Amino acid sequence: MSGLVESDKMDKTNDRTRKKMLGLTIGLIVTGLIAIILLGVMIWAVSSKKGLEPAPEIGFVRASSALSGNMDPTADPCQDFATYACGGWMKKHVIPDDMDQWSNFVILRDETAVTLLNLVNALLEKPTDKSDSQPEFEKKMLDFYTSCMNTTEMDKADTEDSLAAKVQEVLDSADKAAAVQKLAEQNINVFYQLYVEPDNDDPNINSIYMVQGALGMTLKEEYNNTNPSDDITKKQGYYKKYVENLWKNYNKDDADVATKVLKVYDFESCVAEGMNSPADERSAFADMPSKKYSEVKGADFAEVIQIAPSYKYRRTGAKEVPDSTKVYYHEKYINKVKECVNTHLSDASIFKMYMATRLMLQYAAAGKESWRKLWWQNQQDVTKVEVKPARWKTCLSATTSYMPEAVGRIFADEAFKEDSKKNTEVMIKDIKDAFKQILPNLAWMMMKPGPKR
């Protein structure tokens, strides 16, 4: 009998292993597919500008070649799939001194940042006159970027501390809703990540997606106060020290800083209790229910989380949220947020203090020298990176955070011309067809999957 039990346990263990292997395989294949698409399109765009023909084919062949070169075919995929899929890439790359991680997606992000930098510089160098018809969003974006870059002017004693001024505006807000709106104007998510994107079922309309997160630290596990690892304990300490230093920089005579730090951390720990792990959240997102905004705006949580201001500043020219707009969210998480707000931020002054903290956390890197020093010290504490990133990277990142639609618009207009979508769709079809031919002939992928769930 015991032998049967042990055999059953082994079967279940092997079944779980097969599922994990299958999941990893699918994940890496999807990642590779995305990498090919992005790299192919970028190479195609560059080739097009240089007059190379046929540009699409050149880009896609190079991208495919680069992907295969990242593999290590000498490794046994059944024993070490990570090395089989990425071993070649690992041998050819080292983590740069100004980064705490390195991957194909980080490389693509950096290449995109360079493209954006060139676009921004081209706009700055473009001559203007009184009849110039430059869009208002471009002017605002360029003003923000140039003011961030001009640290000499920013750090003069008689130059206003714009971050401190905005913090004061939040603290002086008439009520909680006004404080949230101040942050929405700066494109800062509070309590949840808010996206306005094409609807899951109908891409011709835009819907609102409210996803867990938007706390000072990123992961649920980083707020583990029960049995934290040494690494988590250190991160919690760094975060509390950073919040404390930000408030001291705002007002060196503030005798209540320790209380502020405690209230910020306690509130965020409360919200983190209601968050899913990253893996569970991905699954939950696919099944996220929706309601019409007309149903949501009357709910008691709407006043706390302020959907309308966030929507307004993510859709150019939006005056209000249409009643028919679908709002996707998990009620369990929103109810947890509401509970935590009522428990820890019920007093208006404490609520506004938390909003001001989030503002400082978001834009310290773009502020005067005293703010930048605190930001960089925290970066070193958390990531252990010793080389400060180039200033243009910091300012471009801050500009993207502040005006994502504007930055995205100039990038899309330049990188994705009219025929780009058509070429990308052809490439995706070709890749799918190739996978259909290749995968059935890979013996190591023929392991029988577990029961469908």
Side-chain angles (χ1 to χ4, degrees), residues 117 120-121 123-124 128 134-190 216 241-257 260-261 264 309-310 312-313 348-379 388-407:
L117 175 66
V120 168
N121 285 337
L123 289 172
L124 289 170
T128 59
Q134 185 181 36
E136 189 63 29
F137 74 85
E138 275 189 15
K139 294 177 182 178
K140 289 182 178 180
M141 178 193 68
L142 295 175
D143 285 347
F144 186 92
Y145 176 77
T146 53
S147 64
C148 177
M149 288 293 293
N150 192 356
T151 55
T152 301
E153 182 66 28
M154 184 191 304
D155 293 337
K156 288 180 179 179
D158 59 348
T159 300
E160 181 188 36
D161 186 338
S162 58
L163 179 54
K166 290 188 180 301
V167 168
Q168 190 60 54
E169 286 179 15
V170 172
L171 295 175
D172 291 340
S173 300
D175 51 30
K176 293 180 182 179
V180 175
Q181 180 155 340
K182 291 290 184 185
L183 266 66
E185 291 171 6
Q186 303 301 318
N187 205 60
I188 300 176
N189 288 306
V190 186
K241 182 177 78 170
Y242 187 33
V243 173
E244 177 182 352
N245 288 337
L246 289 173
W247 276 106
K248 285 181 177 178
N249 190 61
Y250 173 72
N251 180 6
K252 61 182 175 55
D253 298 321
D254 188 348
D256 201 31
V257 170
K260 287 183 171 67
V261 173
V264 168
S310 298
K312 176 181 177 182
Y313 288 97
S349 62
I350 298 174
F351 185 96
K352 289 185 279 188
M353 179 276 296
Y354 179 71
M355 297 295 113
T357 301
R358 294 300 307 280
L359 180 64
M360 290 188 283
L361 288 169
Q362 183 80 9
Y363 289 115
K368 274 179 170 278
E369 185 179 19
S370 60
W371 296 109
R372 299 197 304 272
K373 282 183 176 179
L374 295 178
W375 168 80
W376 176 235
Q377 181 59 58
N378 182 65
Q379 288 291 107
K388 189 181 294 188
R391 182 64 184 169
W392 71 263
K393 287 186 176 181
T394 302
C395 291
L396 195 58
S397 177
T399 306
T400 303
S401 294
Y402 179 53
M403 297 185 70
E405 285 84 4
V407 176

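Just so you know, these numbers come straight off a predicted model, no measurement behind them.
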Parallel, tilted or perpendicular: rings of F144 and Y363 (30°, 60°): perpendicular
For the atom pair [atom1] ([X]) and [atom2] ([Y]), what is the distance rounded to the nearest 0.5 Å?
X	Y	atom1	atom2	value
L359	K182	CG	NZ	11.0 Å
K156	N150	NZ	CG	8.0 Å
S162	W371	OG	CH2	10.0 Å
K176	I350	NZ	CD1	9.5 Å
D175	K352	CG	NZ	7.5 Å
S173	Q168	OG	CD	10.0 Å

Pair E369, T151 - check side chain to side chain contact (heavy atoms under 4.5 Å, CB included), show working. CA-CA 8 Å; E369 185 179 19; T151 55; over 6 Å; no
Any donor-acceptor pair under 3.5 Å from [X] side chain to [Y] backbone:
X	Y	value
K368	T159	yes
R358	N189	yes
S147	D143	yes
Y250	N245	no

Test item: [X] and [Y] side chains (from C-beta on) under 4.5 Å apart, heavy atoms:
X	Y	answer
P389	Q379	no
N187	S401	no
V180	V190	no

Looking at [X] and [Y], what are the two nearest heavy atoms and their distance?
X	Y	value
A356	V170	N-CG1, 3.7 Å
A364	L246	CB-CD2, 4.1 Å
A179	M355	CB-CG, 3.9 Å
M360	V167	CG-CG2, 3.5 Å
Y402	Q186	CE1-OE1, 3.2 Å
G367	M154	O-SD, 3.0 Å

Is the shortest side-chain N to carboxylate O distance from [X] to [Y] below 4.0 Å?
X	Y	result
D155	R372	yes
K248	E244	yes
K260	D254	yes

Side chain to side chain contact (heavy atoms under 4.5 Å, CB included) between Q377 and L374, worked out: CA-CA 5 Å; Q377 181 59 58; L374 295 178; 5.8 Å; no
Stepwise side chain to side chain contact (heavy atoms under 4.5 Å, CB included) check, E138 with L123: CA-CA 9 Å; E138 275 189 15; L123 289 172; 3.6 Å; yes
Mind running side chain to side chain contact (heavy atoms under 4.5 Å, CB included) on Y145 and L124 for me, showing each step along the way? CA-CA 10 Å; Y145 176 77; L124 289 170; 4.3 Å; yes
Consider only side-chain N and O atoms of W247 and D256, and report whether a donor and an acceptor are under 3.5 Å apart.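 No, because no side-chain N or O of W247 sits under 3.5 Å from a partner of the opposite role on D256.
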